[in-house]
K.L.:
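Before we start, here is the structure in question, set down as structure tokens.
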Amino acid sequence: AQKVTQAQTEISVVEKEDVTLDCVYETRDTTYYLFWYKQPPSGELVFLIRRNSFDEQNEISGRYSWNFQKSTSSFNFTITASQVVDSAVYFCALSENAGNNRKLIWGLGTSLAVNP
Amino acid sequence: DTGVSQNPRHKITKRGQNVTFRCDPISEHNRLYWYRQTLGQGPEFLTYFQNEAQLEKSRLLSDRFSAERPKGSFSTLEIQRTEQGDSAMYLCASSNLGTNNEQFFGPGTRLTVL
């Protein structure tokens, strides 16, 4: 069965600290996609990154970086030099490649509070 | 391109009433998804359309729920005889074959059943 676990329910940091959000997934598929979305207080889900299962290269986008490790089934997200505007709920999600429906299976989210 | 839009943004209704939500996906997207999100939870898949065909429905979607996408463009989600447990944020997302599963989400419709 597919499952996404985000063990950290809430994280609170002070501005400019680095913070890592953990994501562990389970799937029987050999081909799948992993995602991170941001949900600010306004509620709209904002796409951050997609990674397919064949691409284990880490990615950096500005202050954001992602570490994909198939050996540990993890796809962790790091924010460097956090800012107050990073305060949001962050969701990790999994989509399998089988069939037409690419529905997303979501973790419970990690609520990040960045304090000034 | 204005992104995915949903209407209404908020709906308050009394238990037992019917409600209908609308989703307008990004115009060239052929896939449309409905999810439901309750407080403190991640979104849960409800149903999926490819063009006008409804290809999958979650077990979460009871007989009181029905969704349509009549012309393969906008979609409606209707809940009949609403119950307090239906209170949630209803999210719509769209994607295209060429976007490698990247789903773009609308702002959601927040339903409160009194």
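Letters A, B, ... are given to chains in the order of the sequence lines, protein chains preceding strands, and every chain is numbered from 1.
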K.L.:
Do A/Ser65 and A/Asn58 get their side chains close enough for a donor-acceptor pair, meaning under 3.5 Å?
P.N.:
no

K.L.:
Between B/Gly42, B/Pro107, B/Ala93, B/Pro43, which shows the greatest number of heavy-atom pairs under 4.5 Å with chain A?
P.N.:
B/Pro43

K.L.:
Under 3.5 Å, is there a donor-acceptor pair linking the side chains of B/Gln37 and B/Tyr35?
P.N.:
no

K.L.:
Checking A/Gln6 against chain B: side chain, backbone, both or neither under 4.5 Å from a heavy atom?
P.N.:
neither

K.L.:
I want to check a possible cation-pi pair here: B/Arg22 against B/Phe74, using under 6.0 Å from ring centre and within 45° of the ring axis as the test.
P.N.:
yes

K.L.:
How is the hydrophobic cluster of B/Leu46 composed, in terms of its other members, when Ile, Leu, Val, Met, Phe, Trp and Tyr link through side-chain heavy atoms under 4.5 Å apart, directly or indirectly?
P.N.:
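Once heavy-atom contacts under 4.5 Å are chained together, B/Leu46 belongs with B/Val19, B/Phe21, B/Leu32, B/Trp34, B/Phe49, B/Leu60, B/Leu61, B/Phe65, B/Leu77, B/Ile79, B/Tyr90, B/Leu111, B/Val113.
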
K.L.:
Return the option, out of A/Leu45, A/Ile105, A/Val89, with the maximum number of heavy-atom pairs under 4.5 Å with chain B.
P.N.:
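Answer, by heavy-atom pair count under 4.5 Å with chain B: A/Leu45.
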
